[in-house]
Amino acid sequence: MTEFERAVEAVLFAAHEPLSPDEIARHVGEGDVGAALATLAERFIGHGIDLVTRGGRWHFQTAPDLAHLLRRTREEPRRLSRAATECLAIIAYHEPVTRAEIEAIRGVQISRGTIDVLMEAGWARTAGRRESPGRPLLYATTPDFLSHFGLGSRRDLPGIDDLKAAGLLDPLDEEALALSLESAGDED
Amino acid sequence: MTEFERAVEAVLFAAHEPLSPDEIARHVGEGDVGAALATLAERFIGHGIDLVTRGGRWHFQTAPDLAHLLRRTREEPRRLSRAATECLAIIAYHEPVTRAEIEAIRGVQISRGTIDVLMEAGWARTAGRRESPGRPLLYATTPDFLSHFGLGSRRDLPGIDDLKAAGLLDPLDEEALALSLESAGDED
Amino acid sequence: MERSEFFDGAAGDDALTLSLDGWEGPLDLLLTLARNQKVDLREISILALVDQYLAYLDGAKSLKLEIAADYLVMAAWLAYLKSCLLLPSDPVADPSPEELAWRLQQRLARLDAMREAGARLMGRDRLGRDVFARGNPEGLRLVRSSAWQSTPYQLFAAYGLVEARTQPVMHVVAHRAVMALDEAIERVARLLGGALDWTRLEAFLPASLDPGYARSALASSFVAVLELARQGRLELAQEAPFAPLELRASGR
């Protein structure tokens, strides 16, 4: 395999979209891009991936007979909204806890769907009722919650001092975090 | 190339993240994933892309010597502050490590924008608590840390054997920890 | 050590003369001083290093720079170490001064090693900078059941925000030692006495390790000097912008 072919292969692999020979040439410089593409395409015959051309643009794609391994829909796992993340954190730190208590700690009401999302994700569960007027439902986290977040037990949650030292207890960063949590639209 | 190797290759090409042999097996079914990975990795030697293993997970990436052709197509990854860089090195070479130990080694308290930045980048994580007085929280690196910095495992950390031999990774003596604690609290 | 020596001598490096803000703590300063002394940290003279550190702090003090407490803690410890090293050896001292010196050397070596390790990590072939993953992966059929994503960072940060948001906001007015203007006028006038020699403003300031008080005293004394000059009780001179302010009792 020539250095030039190696370069063409790497550029196509790293590209975000199919590339025309001209676009490839802009990255790899002098050389016969067409010939390199032909050699590469032949080399990948029989592999799990093919080098193919569509409308003059080249890209790697999974061999058609292996398409069943691929995602069927373009739908990606959804990010937990900020409200749901806060709600989950409160449950984890205070469980077992009622909805009213979650709202009191959060200082903001939570919408109906928020806890449902956590239960659907398999991270929160109901944990009986509190023996107080109205017998409100209690919520707690699940073993899946611990394993998803890499915690051995709830005792491994960072304490307030840890959060503070790590710079995670600071309203100044609220904007940055809000961006990172990128509300998924079910914000309340 | 066997059908099984083709399937493993296709899965690794299509994946968004590095995959462990177990995760690959969940997609491709029965077969010797380890042997297929070894065969594939060898087959790609000399190509413009390599099959590499980092912390037990596998992924394809472009060959390092082609960086100059590809670099301009992407933006520079986050630039760490000096404090965050040192903190990351300390966590990586000493893990699991407490905040007090990090502070003792650097001789200065951890400030905002250090551990939080490393956690946000996905390179550092909390790792349970040490069973010692105060049960301090522990920090360690993540599999993504190994992937990002191109380390097969922590044994590949630059110079780690020499540092160990020189006693520079030994547990800190009490006095060093005490000195760092003395100065704690009267910041600001 | 004279100020000129402080600037031109041991330090050498410009960065050393700026301020303490540039240092990531006393150990960082010590390591830089040690590095300037010898490239091989195992060969440095601890006694010389202690002197350099203390001289550096003296220099910073004479410039009225704010000195954080941890630098002073380190200075006190180093002064103690120095006296132990100079005293006739006490066979029952545990740990021995030599042991303490060795530990300090080891701490510097450790910080140095981590600094270098960090630089070497950053210089590796990094994913996304030097080597690249597939640009447009098709994505795999979901095997895991959870359709929701979140990370420990997001979880902890979310709780930190809740805590920060709901903590009662408290405004604490910290007690700060200050020198009142009246006090400064009285003090400068008294110290100035009948002095006819030009004297720098700094000489009229009280010795204080409290950087807050030192700054307050400097500010109040400066205003006091202006007021006394206005009243014609002293003369004020400055050779160039930012040169030292000098004063003497008015000849009248």
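Each chain gets a letter, A, B and so on, in the order its sequence line appears, and its residues count up from 1.
Of the atoms belonging to B/A63, it is backbone heavy atoms, and not side-chain ones, that fall under 4.5 Å from chain C. Contacts of B/I90 with chain C are made by both backbone and side-chain atoms, with heavy-atom separations under 4.5 Å. Of the atoms belonging to B/A84, not a single heavy atom falls under 4.5 Å from chain C.
Note: C/L121 CG to B/L157 CG = 6.0 Å, rounded to the nearest 0.5 Å. The distance from atom CD1 of B/I49 to atom CZ of C/F132, rounded to the nearest 0.5 Å, is 14.0 Å. Distance check: C/R110 CZ to B/I105 CD1 gives 5.0 Å after rounding to the nearest 0.5 Å. The line from CZ of C/F156 to CD of B/E120 is 14.0 Å long, rounded to the nearest 0.5 Å. Rounded to the nearest 0.5 angstrom, B/R79 CZ and C/R129 CZ are separated by 8.5 Å. The CG atom of C/D130 sits 10.0 Å away from atom CD of B/Q61, with the distance rounded to the nearest 0.5 Å.
Of all heavy-atom pairs spanning B/L163 and C/A113, the tightest one is CD2-CB, 3.5 Å. Among all heavy-atom pairs drawn from C/R124 and B/P158, the shortest one is NH1-CG, 4.2 Å.
Checked by atom type and distance alone, the side chain of B/R106 never pairs as donor or acceptor with a backbone atom of C/E24 at under 3.5 Å. Looking only at distances, no side-chain donor or acceptor of C/R134 sits under 3.5 Å from a matching main-chain atom of B/F60.
When each of B/L88, B/L19, B/D170, B/I160 is checked for heavy-atom pairs under 4.5 Å with chain C, B/D170 comes out on top. The residue among C/P152, C/A119, C/G118 with the most heavy atom pairs within less than 4.5 Å of chain B is C/G118. Looking only at heavy-atom pairs under 4.5 Å with chain C, the residue among B/L151, B/T126, B/D50 that has the most is B/L151. Ranked by heavy-atom pairs under 4.5 Å with chain B, the list C/E116, C/M122, C/M114 is led by C/M114. In terms of heavy-atom pairs under 4.5 Å with chain B, the best-connected choice from C/V131, C/L30, C/D125 is C/V131. Top candidate by heavy-atom pairs under 4.5 Å with chain B, chosen from C/L31, C/T151, C/L111, is C/L111.
In this structure, the side chains of C/Y153 and B/L118 stay at 4.5 Å or more apart for every pair of heavy atoms. Residues C/L127 and B/F149 form no side-chain contact, since every pair of their non-hydrogen atoms from C-beta on lies 4.5 Å or further apart.
Salt bridge present: C/D28 and B/R82 bring a charged side-chain N and a carboxylate O closer than 4.0 Å.
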